[in-house]
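Scope of the values below: all heavy atoms of this structure, side chains included, with no hydrogens, waters or symmetry mates.
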Amino acid sequence: MTDTDVQLQPKKKGLTRRQKRRLSRGAQYVVFVAAVTAFALAADWDRLRNQFAQKDIAEQMFPEIISLALKNTVLYTLSGFAVGLGLGMVIALMRLSSVGPYRWLAGVYIEIFRGLPALLIFIFIGVAVPLAFPGTEIPGGTYGKVALALGLVAAAYMAETIRAGIQAVPKGQMEAARSLGFSPGRAMVSIIIPQAFRIILPPLTNELVLLFKDSSLVLFLGVTLEERELSKYGRDLASTTANSTPILVAGLCYLLITIPLGFVVRRMEAKAQEAVK
């Protein structure tokens, strides 16, 4: 074969990048469908249905699971969020203070309560505080204890979020407020903090979702039947009926709150990104 013949032969073309991406995507879909199909075929759906989906047991839980358990869960969460937000604001301002001891104390608090598991905080509030201060009662009973425990944990995270939000506000805003005669404190309250909260609203809402789930730790404080939240209510009924359907129903009730809140967080984050653009 001569060189001329070689030059006349058409060159073999490989796959383009787009074709390779399509091929890779198609292979991933095939693997996903195969995995789901294998799981569906291998699972014993009758046993799962008998253990987790007994209609008569689920019907017995209503309306008490909504009027009692879900209500208490929401109350615990909102009270803990309120305490955490107030305390977190104070700690964030201490972190930004020009006074050294304030910054040091705020830093120590954040590192301790952000590093400790929430379970240990609940045990500390329920056991250590009564032992250390005999006869001392936290106002609000169990609700007050839960609000304090959740608030202590949430404040460590919220403080850093609030601090980041305040520092994200352009420095020119403070300078403009000072030029108009505002004192540093008034400028911070009237100008800087409102702008910071618009920035940090999505992560604060996400913190609310996390607190909603952490409220299940209330059982370590020892609650009465009227103070049970979703997890405690579901576990108690599961033990009584020797069936896991109450746990599944309680989990679905959590999703009734967390999924809409998660959607709200994503919408707020999208709007914040659009505002930046």
Side-chain angles (χ1 to χ4, degrees), residues 74-126 128-130 132-133 136-171 173-175 177-178 182-215 217-218 221 261 265 268 272:
V74 172
L75 289 176
Y76 293 148
T77 303
L78 294 180
S79 59
F81 184 81
V83 173
L85 185 60
L87 184 57
M89 174 63 72
V90 173
I91 296 172
L93 294 176
M94 290 174 63
R95 284 279 278 177
L96 297 172
S97 174
S98 59
V99 181
Y102 287 167
R103 294 197 305 272
W104 181 81
L105 286 174
V108 170
Y109 177 92
I110 290 171
E111 293 302 324
I112 290 177
F113 283 91
R114 193 170 57 178
L116 289 175
L119 171 60
L120 295 183
I121 306 301
F122 272 82
I123 295 176
F124 175 80
I125 296 298
V129 171
F133 306 98
T136 301
E137 288 290 336
I138 297 176
T142 300
Y143 294 94
K145 293 178 183 178
V146 175
L148 180 59
L150 288 177
L152 289 174
V153 175
Y157 294 93
M158 290 185 184
E160 288 294 86
T161 301
I162 295 171
R163 179 186 62 82
I166 291 175
Q167 291 180 328
V169 177
K171 294 182 179 180
Q173 297 291 320
M174 176 62 79
E175 296 172 356
R178 293 301 304 278
F182 284 74
S183 65
R186 185 182 174 190
M188 178 64 72
V189 173
S190 303
I191 306 298
I192 305 302
I193 291 178
Q195 294 185 58
F197 267 85
R198 283 196 291 269
I199 298 172
I200 65 176
L201 195 56
L204 285 182
T205 308
N206 193 51
E207 182 64 29
L208 180 62
V209 175
L210 297 177
L211 284 180
F212 190 76
K213 295 184 293 184
D214 285 343
S215 65
L217 298 174
V218 67
L221 296 177
L261 280 177
V265 171
M268 288 191 297

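Annotation: side chain of F113 is not in contact with side chain of V108 (no heavy-atom distance under 4.5 Å). Using a 4.5 Å cut-off on side-chain heavy atoms (C-beta onward), M188 and I166 make contact.
The shortest heavy-atom contact between I199 and A168 is CD1-CB, 4.0 Å. The heavy-atom pair separating A118 from L217 by the smallest distance is CB-CD1, 3.6 Å. In this structure, A147 and V83 approach most closely via the heavy-atom pair O-CB, 3.8 Å. Between R178 and S183, the closest heavy-atom pair is CD-C, 4.1 Å. Nearest heavy-atom pair, A187 versus A177, reported as atom, atom and distance to 0.1 Å: CB-CB, 3.7 Å. Heavy atoms only, all atoms of each residue included: G84 and A154 are closest at CA-CB, 4.3 Å.
The structure places CD1 of I110 at 4.5 Å from CZ of R95, a figure rounded to the nearest 0.5 Å. To the nearest 0.5 Å, atoms OG1 (T205) and CD (E207) are separated by 10.5 Å. To the nearest 0.5 Å, the span separating CG on L85 from CD1 on I162 amounts to 5.5 Å. L152 contributes atom CG, which lies 5.5 Å from atom CD1 of I125 (distance to the nearest 0.5 angstrom). Once rounded to the nearest 0.5 Å, the distance linking CG of L96 with CD1 of I192 reads 11.0 Å. Taking CD1 of I91 as the reference point, atom CG of L105 lies at 10.0 Å (rounded to 0.5 Å).
Shown here are the side chain to side chain donor-acceptor pair (under 3.5 Å) partners of T142, two or more places apart in sequence or in another chain: E227.
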Item to check | side chain to side chain contact (heavy atoms under 4.5 Å, CB included) between Y109 and L87, worked out | outcome: CA-CA 11 Å; Y109 177 92; L87 184 57; 3.3 Å; yes
Item to check | Evaluation steps, side chain to side chain contact (heavy atoms under 4.5 Å, CB included), between L204 and L208 | outcome: CA-CA 6 Å; L204 285 182; L208 180 62; over 6 Å; no
Next on the checklist: Please evaluate residues L150 and V218 with respect to the criterion side chain to side chain contact (heavy atoms under 4.5 Å, CB included), reporting the C-alpha separation (whole Å), side-chain torsions for both, the decisive distance (0.1 Å), and the verdict.
Outcome noted: CA-CA 9 Å; L150 288 177; V218 67; over 6 Å; no
Item to check | Worked check of side chain to side chain contact (heavy atoms under 4.5 Å, CB included) between I193 and F197 | outcome: CA-CA 6 Å; I193 291 178; F197 267 85; 3.5 Å; yes
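Between E160 and R163 there is a salt bridge, since a side-chain N of the basic residue sits under 4.0 Å from a carboxylate O of the acidic one.
Y157 contributes a side-chain N or O that, together with a main-chain N or O of R114, makes up a donor-acceptor pair within less than 3.5 Å. Judged by distance alone, with hydrogens and angles left aside, the side-chain atoms of S79 form a donor-acceptor pair with the main-chain N or O of Y76 at under 3.5 Å. Checked by atom type and distance alone, the side chain of R103 never pairs as donor or acceptor with a backbone atom of M94 at under 3.5 Å. Judged by distance alone, the side chain of S97 and the main-chain N or O of L93 form no donor-acceptor pair under 3.5 Å. Put simply, the side chain of Q195 gets close to the backbone of I191: a donor and an acceptor are under 3.5 Å apart.
The number of heavy atoms from other shown groups lying within 6.0 Å of CD (Q167) is above 12.
For R186 and F182, the positive end sits near the middle of the six-membered ring, less than 6.0 Å away and at most 45° from its axis.
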